[in-house]
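Data first, discussion second: the structure below is written as structure tokens.
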Amino acid sequence: MDETRRAFMLAAGSAVAAMSLPQAMAGGTDQATSSDKGAKAMDYQSAKELSALLRAKRVTAVELTDRAIARIEAYDGKLNAVVVRDFEGARAAAIEADKALARGEGGPLLGLPMTIKECANVAGLPTTWGIPGTEKIPVREDAVTVGRLKAAGAIVLGKTNLPLMLADMQSYNAVYGTTNNPWDLSRTPGGSSGGAAAALAAGYVPLELGTDIGGSLRIPAHFCGVFAHKPTHGIVPLRGIAPPGTPSLSVPMRIELAVAGPMARSAGDLALALDVMAGPDAADALGYKLVLPPPRHSELRDFRVLVLDEHPLLPTAGSIRAALDGVADKLAKHGVTVARTSPLLPDLARLGRTFVQMLSAIFAADYPDDIYASLQSRAAALPPYADTISAARLRASIMSYREWVKTDRIRIGITNRWQHLFREWDVVLCPVMPTPAFAHDHSEMAGRHISVDGTEISYGDQIMWNGNATLAGLPSTAMPIGLSGEGLPIGMQIVGPSMEDRTTIAFAELIEREFGGFVVPPAFKA
């Protein structure tokens with residue numbers, strides 16, 4: 001996410017290219033009828049609750065779809081979250097869903113409207129990744145995950161915004177513009193799944209499909225006060241989630257560190273969507289079957305919890321640490337085994353540096369030759385003693401395959417250490433980001449900084465907490481745990497053992513049930 005990455009994104013874009021808010025949002029008097037208020041209450045019901053209403057014939061798929069469309073049309077002029085729309089196709093799909101429901105057919109998502117992050121292929125809709133000039137490239141096939149969601153009965157209303165080439169912690173680009181945070185329009189909803197998180201927080205839909213390599217599911221969830229799940233690496237197929245114009249593939253697609261996963265307003269809905277999305281790609285010649293173990297525990301008091309609120313490479317705001325410490329205190333009062341340190345914990349400084357190095361190398365693999373040559377010159381000019389994160393990022397951008405293998409062996413050692421830790425601990429709780437949502441900043445990325453309680457840090461260093469789960473391919477569930485003094489959401493990560501996604505989601509569900517979870521942004525309350 002350094003300046004060279006930004007330069008590449010801009011170069012790629014150039015090469016390819018050769019209402020006022022409703023009265024309720026503005027704080028005016030609500031003149032809604034009782035039936036209107038009932039409809040508004042539905043805007044924030046969970047996917048599971050809406051499914052129950054559909055099965056009980058208390059609401060139709062068409063009604064849910066029309067309500068979602070109306071809400072998008074009323075509110076999105078200021079948020080700009082749903083940037084690709086297929087309302088006509090959604091209404092047609094809703095009619096078919098109602099027919100299926102009338103026949104007694106089932107499907108875990110049958111009749112539920114949802115949106116999809118713009119980077120995933122949806123047949124008939126553009127996939128641009130924010131690159132100007134790619135809007136008319138035909139998309140003829142759904143991504144594997146999108147196909148599974150549709151097969152489960154989901155109704156796709158459209159696609160949500162993201163940053164250029166998914167390479168920012170904000171969601172803006174020259175094709176679709178800027179997405180704002182429902183809690184404060186002057187702030188970012190996060191990235192790269194920022195439009196997705198904003199759509200959920202605004203009550204448009206109950207479910208979203210996002211992606212994550214450096215925190216792109218978890219950061220927007222934290223900034224917008226919603227839930228997200230970064231799955232164990234490899235359990236959700238990535239085929240069909242690729243830059244515009246990528247040829248259709250008939251073989252499985254694997255990207256180091258990258259995943260696709262669900263976003264929602266409740267932990268239970270994460271589990272519902274993950275069950276639909278996870279599983280081997282049908283194109284995988286190995287033909288294996290994915291079996292995720294059940295949660296380790298069903299009672300909160302049975303969990304063994306390790307809490308981390310300080311990172312050796314990154315300051316973390318007092319408001320973030322206080323919210324996390326508050327959760328830890330509540331857990332301890334409920335009889336949960338809680339600790340703040342463990343001799344089994346990997347070296348977080350080494351972990352963070354390795355994460356940054358591998359992430360930089362993955363990004364740099366696509367740089368144009370001239371940008372790469374510039375990186376080589378700059379890296380050669382670095383003093384041998386330069387050991388900052390920025391220097392590590394620069395050197396990693398041009399690492400050889402030999403250096404990659406050595407770095408990957410460090411990653412394997414760190415992964416092994418996590419495996420040993422999770423024999424004694426069930427989950428690890430830690431922050432997502434060092435601060436709540438920050439103000440929009442569209443200046444050159446290399447010059448951006450973030451203030452953490454008065455300490456200036458490099459913009460790219462914010463993602464350090466996300467490396468805990470990403471580097472080792474571990475599952476991580478992000479959930480809201482409180483509000484800052486400014487009234488902005490604060491989230492935490494629940495990191496668990498590899499393949500034990502059901503454990504981190506179940507823990508989130510227990511926390512949600514006991515202490516609360518999603519809160520409606522004040523401007524969006526019915």
Side-chain angles (χ1 to χ4, degrees), residues 19-32 36-37 39-44 63-91 94 113-118 122 125-126 128 130 132 135 155-164 168 170-208 210 220 223-226 263 265 437-442 487-489 519-526:
M19 109 189 82
S20 296
L21 289 173
Q23 189 176 34
M25 190 172 181
T29 303
D30 187 359
Q31 300 294 328
D36 288 336
K37 290 178 179 178
K40 286 182 178 179
M42 280 189 187
D43 296 332
Y44 284 104
E63 289 171 338
L64 289 183
T65 299
D66 282 344
R67 178 61 202 171
I69 290 171
R71 192 165 177 89
I72 292 168
E73 290 177 335
Y75 285 86
D76 212 43
K78 289 292 185 181
L79 280 189
N80 192 39
V82 184
V83 293
V84 178
R85 301 178 182 184
D86 184 21
F87 294 165
E88 184 177 343
R91 285 190 173 106
M114 70 175 295
T115 46
I116 304 291
K117 187 177 179 180
E118 204 266 4
V122 177
L125 302 182
T128 71
E135 299 92 327
I155 296 165
V156 177
L157 295 172
K159 303 176 79 175
T160 49
N161 205 19
L162 39 62
L164 178 64
D168 202 343
Q170 304 177 73
S171 292
Y172 71 96
N173 58 76
V175 178
Y176 301 121
T178 301
T179 299
N180 300 315
N181 192 313
W183 287 84
D184 180 344
L185 299 180
S186 72
R187 298 175 187 262
T188 180
S192 59
S193 307
L200 289 165
Y204 298 169
V205 290
L207 291 174
E208 246 282 357
F223 281 177
C224 292
V226 299
M263 303 179 75
R265 289 188 299 268
F438 52 84
H440 296 294
D441 182 358
H442 298 175
L488 297 170
V519 175
V520 178
F524 288 82
K525 289 181 178 177

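Owing to the predicted nature of the structure, the values given are computational and were not obtained by experimental measurement. The chain is numbered in sequence order, starting from 1. In what follows, every heavy atom counts, from backbone to side chain, and hydrogens, waters and symmetry copies are set aside.
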Over all heavy atoms of both residues, which pair between [X] and [Y] is shortest? Give the atoms and the distance, please.
{"X": "G210", "Y": "K117", "result": "CA-CD, 3.9 Å"}
{"X": "I155", "Y": "A90", "result": "CG2-O, 3.4 Å"}
{"X": "A196", "Y": "M263", "result": "CB-SD, 3.7 Å"}
{"X": "T178", "Y": "N80", "result": "O-ND2, 3.0 Å"}
{"X": "L488", "Y": "A437", "result": "CD1-O, 3.8 Å"}
{"X": "A81", "Y": "A199", "result": "CB-N, 4.1 Å"}

Take I69 and R91, measure what side-chain contact (heavy atoms from CB on, under 4.5 Å) needs, and give me the verdict at the end. CA-CA 9 Å; I69 290 171; R91 285 190 173 106; 3.7 Å; yes
Exercise for the section: Decide side-chain contact (heavy atoms from CB on, under 4.5 Å) for L79 and L185; before the verdict, give the C-alpha distance in whole Å, the side-chain angles of both, and the deciding distance to 0.1 Å. Expected result: CA-CA 7 Å; L79 280 189; L185 299 180; 3.7 Å; yes
- Pick one: which of R67, R265, K525 meets salt bridge (Lys or Arg N to Asp or Glu O under 4.0 Å) with D43?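 The option that passes is R67.
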From [X] [atom1] over to [Y] [atom2], what is the distance, rounded to the nearest 0.5 angstrom?
{"X": "L207", "Y": "M114", "atom1": "CG", "atom2": "CE", "answer": "5.5 Å"}
{"X": "D66", "Y": "E73", "atom1": "CG", "atom2": "CD", "answer": "9.5 Å"}
{"X": "Y172", "Y": "L164", "atom1": "OH", "atom2": "CG", "answer": "8.5 Å"}
{"X": "I116", "Y": "L125", "atom1": "CD1", "atom2": "CG", "answer": "10.0 Å"}
{"X": "M42", "Y": "E63", "atom1": "CE", "atom2": "CD", "answer": "7.0 Å"}

Strictly distance-based, threshold 3.5 Å: is any side-chain N or O of [X] a donor or acceptor partner for the main-chain N or O of [Y]?
{"X": "Y44", "Y": "A202", "result": "yes"}
{"X": "S171", "Y": "G194", "result": "yes"}
{"X": "K159", "Y": "E118", "result": "yes"}

Query raised in the report: After noting the C-alpha distance and the side-chain angles of T115 and Y204, does the key distance pass the side-chain contact (heavy atoms from CB on, under 4.5 Å) rule?
Result: CA-CA 9 Å; T115 46; Y204 298 169; over 6 Å; no
**Study point:** Residues in salt bridge (Lys or Arg N to Asp or Glu O under 4.0 Å) contact with D86, at least two apart in sequence or another chain
**Key:**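 By the salt bridge (Lys or Arg N to Asp or Glu O under 4.0 Å) rule, D86 matches no residue at all.
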Could you list the residues that satisfy salt bridge (Lys or Arg N to Asp or Glu O under 4.0 Å) with R85, not counting sequence neighbours?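 So R85 forms a salt bridge (Lys or Arg N to Asp or Glu O under 4.0 Å) with D76.
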Within-4.5 Å side-chain heavy-atom neighbours: [X] and [Y]:
{"X": "C224", "Y": "L200", "answer": "no"}
{"X": "V205", "Y": "L157", "answer": "yes"}
{"X": "P163", "Y": "S192", "answer": "yes"}
{"X": "P522", "Y": "W183", "answer": "yes"}

Does either side chain, that of H440 or that of N180, offer a donor lying less than 3.5 Å from an acceptor on the other one?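 Judged by distance alone, the side chains do pair up.
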Next on the checklist: Regarding E208 and T160, do their side chains bring together a donor and an acceptor under 3.5 Å, going by distance alone?
Outcome noted: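 A pair is found: one side chain offers a donor N or O, the other an acceptor, under 3.5 Å apart.
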| said: Just to verify, what does F223 make a ring-ring contact (aromatic ring centres under 6.0 Å, His included) with, not counting sequence neighbours? | reply: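 Residues passing ring-ring contact (aromatic ring centres under 6.0 Å, His included) with F223: F438.
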Q | Full working for side-chain contact (heavy atoms from CB on, under 4.5 Å) between N173 and N161 | A | CA-CA 9 Å; N173 58 76; N161 205 19; 2.9 Å; yes
